[in-house]
Each structure stands twice: as structure tokens, then as C-alpha cells.
S.K.: 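If you scroll down you'll find the structure; I have some questions about it.
Numbers restart at 1 for each chain; the letters A, B, ... are given by sequence-line order, proteins then strands.
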2 protein chains.
Amino acid sequence: MATIYDVAKAAGVSPKTVSRVMNGDAPVNQATREAVEQAMLALNYVPSSAARTMRSQRSGLIGMITGAISTTHQFEDAGLPEIYLVQGAQRVIGQSNRTLLIADSGGQADRIPTLLQTFREHRVEGILYVAEYHREVTLPASLRDLPIVLVNCFDAAETPCILPDDEGGQFTLVDGLIRRGHQRIAYLTLPEHQVACGLRVAGYHRAHAQHGIAVDERLIQVGALPSPTHEFDLLWDALDRVLKAEPTVICCANDKMAMRVYGLLRDRGVAIPQQMSVAGYDDYRMIAEHLHPGLTSAVLPYAAMGARAADKLLRLIGGSTKPGEPNREHVSAPVAWRDSVLTRDANVTQLNSRRRET
Amino acid sequence: MATIYDVAKAAGVSPKTVSRVMNGDAPVNQATREAVEQAMLALNYVPSSAARTMRSQRSGLIGMITGAISTTHQFEDAGLPEIYLVQGAQRVIGQSNRTLLIADSGGQADRIPTLLQTFREHRVEGILYVAEYHREVTLPASLRDLPIVLVNCFDAAETPCILPDDEGGQFTLVDGLIRRGHQRIAYLTLPEHQVACGLRVAGYHRAHAQHGIAVDERLIQVGALPSPTHEFDLLWDALDRVLKAEPTVICCANDKMAMRVYGLLRDRGVAIPQQMSVAGYDDYRMIAEHLHPGLTSAVLPYAAMGARAADKLLRLIGGSTKPGEPNREHVSAPVAWRDSVLTRDANVTQLNSRRRET
DNA sequence: CTGAAAGCGCTTACAG
DNA sequence: CTGAAAGCGCTTACAG
């Protein structure tokens, strides 16, 4: 494999000049440059990032660690759309001429130290630490010396992090429902210990308050268990309870629950959306677009979160964080309106066909 | 940051001895070893993979390239479960003490050369090239000099590849349906130009032949378009046509289509599975487990394919491919049986509750 | 605008 | 079982 010396010799210059042409770190005479470029092409020269890293002490590598990519699914379903998170991060990192190294804990927390060791051997310049769902985490103490941004999680030490705006997402959804003529809005929530649960319920209340509508607490029921065992039984009962409070729309904690609710409502002979509107959360397109009718859902903005996190990390590394920049950032997202929600009031503007609003 | 020299000095040995302790490439006296290990710990020593790579000329890096992770979704839905593929590959590669570098073409083919350049700069030892669906590809000529294994795709040059056994998967599904008392089995297929379509239809026919059942060709209809536009209209018509042939079960080209069929059948007042059984393909658990009733589906074994591909690549790199090893390997998978399929014949053993068979 | 020398931190090749 | 010397392929620091 050709080295910088081979190129230098072929072009009749010094290695340092070849280096200058590659890196553009100093002016090079046009003719010299062309000779070098020709030599590089002729020799099929590919610079060695190992040599570059060793000498410059900068690897150009960013590590992303996640148990998300492959949880064991014992307690949680695969959070597959988090791959959008990878995608968003990679775009930003690629633009900064760096490379993303991805490590997967396979859902086994005890593998994380090994993965971090690999990152260290590769001298990563910073780390993106991704959680499979919005939660609090505790970082291994060994991570304290590296620039790090948490994604979809936060810690007590106020490590910089990027979070979804769960409160705002549910607010936007419920606000939109009210604007479409709904007044009795049921909410089948996540298990109460989940961070997202409290935030979204708060958004649900804020939307009601803003429109001066009193909340009937019977409309809010837990619709999912921490473990998926007997999930359908629980959901069936929760659905029973909210139906007694006579809602016109049922908000579900996520799209998977909405999918189950579709089945249960149809078993009861309830037509969607004519007799009951349904909404989800996450906007997993694999689900939302293929359900019939299409599912209205609050977007969980994974790609944007990944991009924002990468951005923040690069600024941490570059030492260019803005003065008043908060450690915790929340990413907002619109609602994807589809046909599962009926606009009830004929006087309300027809907003109902596949449109997004913020 | 501590170097091997710092460790050597602290332990009172030569750098080469430290190297031997780390790599286990030669016997080291027990006492010496302990002194070295203690010094490494005390100095918080982390070896530099850049230095190691440069001197040894082996990077320990495997590149995975995929447009899959982030297609633009113009023509195809996100093939998100392919993340299982990453997971399967990473497990095997991690076991070989190597590190996986993942690059994402973002669905833009013109970005691939840049990504490959990055891989080359990092001196990857081999490449896994992943397609978003079972298809033929043409590799860039520049890839000819690197060990490479295609995953979910193949090329005319017979590059080693790992493919799903689509024929066998559909055979297993239809065979299982027949054993459960179904004789009139509808099949809503993929668009005909798709590689998987022909293979699966062949599996459908083989299962019928094996049981001596003549195939009514009206039962086979194309249920999806290459582009998702007007997909529901097409599916509605295709469903109409197969229903006229009076099936007892409808096989769908994939789980997403099955999800749409659930909705359409229910609009017609057809109960699943009491009046009509339904089966899918892919076993996307995010869909199959949350539909009501749970969807029977042929498994698309992404994790196994990733692992097999990594395995094959490592053998290519190590020069330890078996003598008669074929270039193309097909990965078989079972069917995940769930409640969407009714066992029709009371005399048939009850096989019907959430079991897997090969 | 260009170059000569040194060094990043390991492992190789050799010697004992 | 252990070590001294050299070199992997770049960029740094300096000089002109």
C-alpha cells in the first residue's frame, strides 16, 4: 500500500507538502498541488487514519453506546425506531469529518465496561450514550473524563443531555383534539413509574386547562404494564373503565397500544373513527401508516434528537458551547394527523387529512 | 496518558514484556506478569489501537455498509428490524476481538464512495454490505480488493453472500396451514419483480404439491405496489379478487400488509380468525405481537443472517473458508404461530397456540 | 511556499 | 523467559 513517502517521491516533493495538499493546512503552489494530486491518484493512495491519529493525537472518532439497539426484550419491546437516532447523529458527525463508532450492549449492562474499553483504545473524542426509553440513568464513574452527551436519558449529575419534549407532545396532541371538537378525551397511559407518563399527563392537563375544560379523572387509566405479560387483560379492563366515562377519542400511551386498542374496539363492534377516534404516541411509521385507518400519533423525534445530541457533543469537544447553554435540552415535535381522528364539529375547519401541525 | 514505556518503567521491565503480558503472545514469568498488571492498573493504562494498527498492519476493524439503516422511504418503508442484523453481526465480530464500524448511506447511493473511503483510511479488514430487502446488487468496482460478504443481496459476480430462505419460509408456513386443515389458501404477494416474490410463490406451490392439493391460481394476487401510493386501493381490489375464490386463510406478503388486511377485513365485518385466518411474513414483533389477534408470521431471520455473514467474513479474512463452502448461503427460519390462524379440522392436533415449528 | 528532523506508541524481527 | 533496536506512516515544531 502506497505511503505518503511514495507519493512525495512520485511528485518530486517532500512528505510534508503532500500532507499540506491533503489537509489544506497551508498554502501550496498550484502546480505543486496538481503534481501531488496526480501522484496520489496514480498510486491509489489512501492515507492511514492510524498514523494520523497517533501523531496528531486526535482520532476523529465518536463513540455511541446503546443497549437500545438490542435489548433482550424481556421487559421492553424493541425500541427499533431508535435507529433513526443513529442516523441523525451520524449525519452531523459525518459533516464534521468524524466517524461514528457504535457499540451495542446487547441489553446486558455488564458488557458496557468492555465496550467503553474498546472506545478508549480507539481514543474516541466523545461519547453519545443512548437509552432505549426516556429514563434516568447513572453513569459509570469511569466515564467522567470524556465529553459525553446523554440521549433519551438524564442523570442526577446534570450531564448534558437531549430529551424528547413529552409534555409538549401530548399537549399538542390534546390541544389539536379539542380544536377538532373533542371534549371528552380518554387517556390510556404508560405505567406510572415511567418518566414519560407524568410528563405527558401534565401535557394532557395543560391542554384542557388552556381551553377551560375540566378533566374527568375517570378518563385517565393506566393501559400498560412494565412487563408485557397479561398486557391485553389489563388493557381490556382499562378500556372498559374509560369507555364508561363516554369519551369521543382515546389517546394511547404509544402506537403499539393503539394497535391493540384497534383490535379490542373492533371486537366490541366500535367503528374507528366514526364511533371512536384513536390516537397514539411515537409515530412509528411501520405501525401508524399501515393501520386502517391511519393512526394519528404524536411524533417522537428520534432523528432530530440524534442530530441535536451530536451537535451538542461536537461543541463540547470543540469547547464552543454557548455561554448560557442549558445542560438539558428538550426536542419538540409535531403531531402526525391521520384518519383515526374524526373532526366532530362541522363548524371546525377541516384539519383532518394527513397534515402535520406544530 | 500513560504509554507502554511508562508501564514498563513502573514495572521495571522492557516495553516488549508489557506487550507480551497484554497480548499473551509469549510466556511471561508469573511474578513479572503480576508486576506489569499492577503497573497497568496503577497508571490507568489503555493501549492505543492506532499505534497497534500502524505497527502490526492489522486494524481489527470490520466495516458494515448499509443504506438500510436510513433509506429515504420514498419507495420502501424503513426496514427497521434490520437492526437485528447489526446486532447479530456485532456479536460475532466482538467475539473475534474486532470492532464493527457502521456506515450509513442514508439511502443515497452517491454517498457510498465517501463511506468506503473512510473505511479504507481506517484499514478495515473486510466489509459487510447490507441491502434493505432481498435483491440483486452491483458492487462498485473499487471494492474488488477487499474481503466482502453481501447480506440480504447477491450479485452476478458470485460474491459470497447470505440470503434469507424465502422459498423455505413460505413453504413452512403453507405446509403448516395445510396441516391445520386449510385447503384454500389465498396469497397476496409482493410486486412480481421482487426477488422474494418468486421464491415465496414457489414455496407456496411446493407445499401444495407435497400435499397433493391443486392450486387455484385465482387465490394468488399481487397485494402491494413498488411505491406505497394508492397501496390501499390496490390491496382492496386484490382482496376482493381472492375472496371470490373463497379461501379460509389469507397469506400476506409481509406483516405490514397483514396489518392493512386486518383493517380491511374488519371493515367488511369478517372476524379474524373465526371467519378468516390471516398470516404475514417477516415476524416484525412490533407488529405481530401487538395486533389483535396476534399475527402468525414466517420469521425473517435477520439476527441469524448478520451472525452468519460476520462468521463467513471472518473466515474469508482468516483464509479458513471450508473447501466446498458455497458462495451463497441461505438462512432458514421457523414460523411464529399465533392466534390469527384457526385450526380448522377437529381431528388435527391442536398446534395453534403461540408455538414455533421449523 | 517548501523541507529536514523528530516523534507519536506500539509490535516486529532478532538476539540472547 | 526477556530485551535492544528499528520501523509502521503520518504530523508537529521548526527553519528557511
S.K.: So, using side chain to side chain contact (heavy atoms under 4.5 Å, CB included) as the criterion, who are the partners of B:Ser48 when residues are at least two apart?
M.R.: A:Arg123, B:Ala50, B:Ala51

S.K.: What is the nucleic acid contact for B:Thr32, judged by heavy atoms within less than 4.0 Å: base, sugar-phosphate only, or nothing?
M.R.: sugar-phosphate

S.K.: List the atom pairs, donor and acceptor, that lie under 3.5 Å between side-chain atoms in residues 33-42 of chain A and the rest of the protein, sequence neighbours left out.
M.R.:
| residue | atom | partner | partner atom | Å |
| --- | --- | --- | --- | --- |
| A:Glu34 | OE2 | A:Gln30 | NE2 | 2.8 |

S.K.: Tell me, for nucleotides 9-16 of chain C in 5' to 3' order, what letter each nucleotide earns: B for a base near a protein heavy atom under 4.0 Å, S for only sugar-phosphate near one, - for neither?
M.R.: BBBB----

S.K.: Show me the pairs that pass side-chain hydrogen bond (donor to acceptor under 3.5 Å, both in side chains) and involve residues 134-144 of chain A, at least two apart or across chains.
M.R.: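 side-chain hydrogen bond (donor to acceptor under 3.5 Å, both in side chains) check on residues 134-144 of chain A returns A:His134-A:Asp166.
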
S.K.: Which residues, if any, of residues 34-42 of chain B bring a heavy atom under 4.0 Å of DNA chain D?
M.R.: none

S.K.: With pairs taken as Watson-Crick or G-U wobble and both distances under 3.5 angstrom, which stems of at least three consecutive pairs involve DNA chain C?
M.R.: C:1-3 with D:14-16, C:5-12 with D:5-12, C:14-16 with D:1-3

S.K.: So B:Met64 and B:Ile93, side-chain contact (heavy atoms from CB on, under 4.5 Å) or not? Walk me through it.
M.R.: CA-CA 11 Å; B:Met64 175 181 273; B:Ile93 282 165; over 6 Å; no

S.K.: Mind checking if A:Thr53 touches a base, just sugar-phosphate, or nothing, with heavy atoms under 4.0 Å?
M.R.: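 Nothing: the residue A:Thr53, judged by heavy atoms under 4.0 Å, touches no strand.
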
S.K.: Throw together a table of side-chain donor-acceptor distances under 3.5 angstrom for residues 147-157 of chain B, partners on residues two or more places apart or in other chains.
M.R.:
| residue | atom | partner | partner atom | Å |
| --- | --- | --- | --- | --- |
| B:Asn152 | ND2 | B:Ala131 | O | 3.3 |
| B:Asp155 | OD1 | B:Ala157 | N | 3.4 |
| B:Asp155 | OD1 | B:Glu158 | N | 3.1 |
| B:Asp155 | OD1 | B:Thr159 | N | 2.9 |
| B:Asp155 | OD1 | B:Thr159 | OG1 | 3.3 |
| B:Asp155 | OD2 | B:Thr159 | OG1 | 2.7 |

S.K.: Is there a side-chain contact between B:Ser14 and the phosphate of D:dA4, meaning an N or O under 4.0 Å from OP1 or OP2?
M.R.: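 B:Ser14 to D:dA4 OP1/OP2: no side-chain N or O under 4.0 Å.
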
S.K.: Rounded off to whole Å, could you give me the NE2-to-C1' distance for the B:His122 and D:dC8 pair?
M.R.: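 Whole-Å distance recorded here is 17 Å.
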
S.K.: By the salt bridge (charged side-chain N to carboxylate O under 4.0 Å, His left out) test, which pairs, at least two apart or in different chains, include something from residues 42-55 of chain A?
M.R.: none

S.K.: Which residues satisfy the side-chain hydrogen bond (donor to acceptor under 3.5 Å, both in side chains) test with A:Ser56, sequence neighbours excluded?
M.R.: none

S.K.: Could you go through residues 304-319 of chain A and list every donor-acceptor pair under 3.5 Å that involves a side-chain atom there, pairing it with any protein atom two or more places apart or in another chain?
M.R.:
| residue | atom | partner | partner atom | Å |
| --- | --- | --- | --- | --- |
| A:Arg308 | NE | A:Glu329 | OE1 | 3.0 |
| A:Arg308 | NH2 | A:Glu329 | OE1 | 3.0 |
| A:Asp311 | OD2 | A:Arg315 | NE | 3.4 |
| A:Asp311 | OD2 | A:Arg315 | NH2 | 3.4 |
| A:Lys312 | NZ | A:Glu325 | OE2 | 3.0 |
| A:Lys312 | NZ | A:Pro326 | O | 2.8 |
| A:Lys312 | NZ | A:Glu329 | OE2 | 2.7 |
| A:Arg315 | NH1 | A:Glu325 | OE1 | 2.4 |
| A:Arg315 | NH1 | A:Glu325 | OE2 | 2.8 |

S.K.: Any pair with a residue in residues 84-93 of chain A that passes salt bridge (charged side-chain N to carboxylate O under 4.0 Å, His left out), sequence neighbours left out, goes on the list, sorted by first then second residue, please.
M.R.: none

S.K.: Scan residues 11-23 of chain A for pairs that pass salt bridge (charged side-chain N to carboxylate O under 4.0 Å, His left out), counting only residues two or more places apart or in two chains.
M.R.: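 Checked against salt bridge (charged side-chain N to carboxylate O under 4.0 Å, His left out) - neighbours excluded - the pairs reaching residues 11-23 of chain A are A:Lys16-A:Asp25.
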
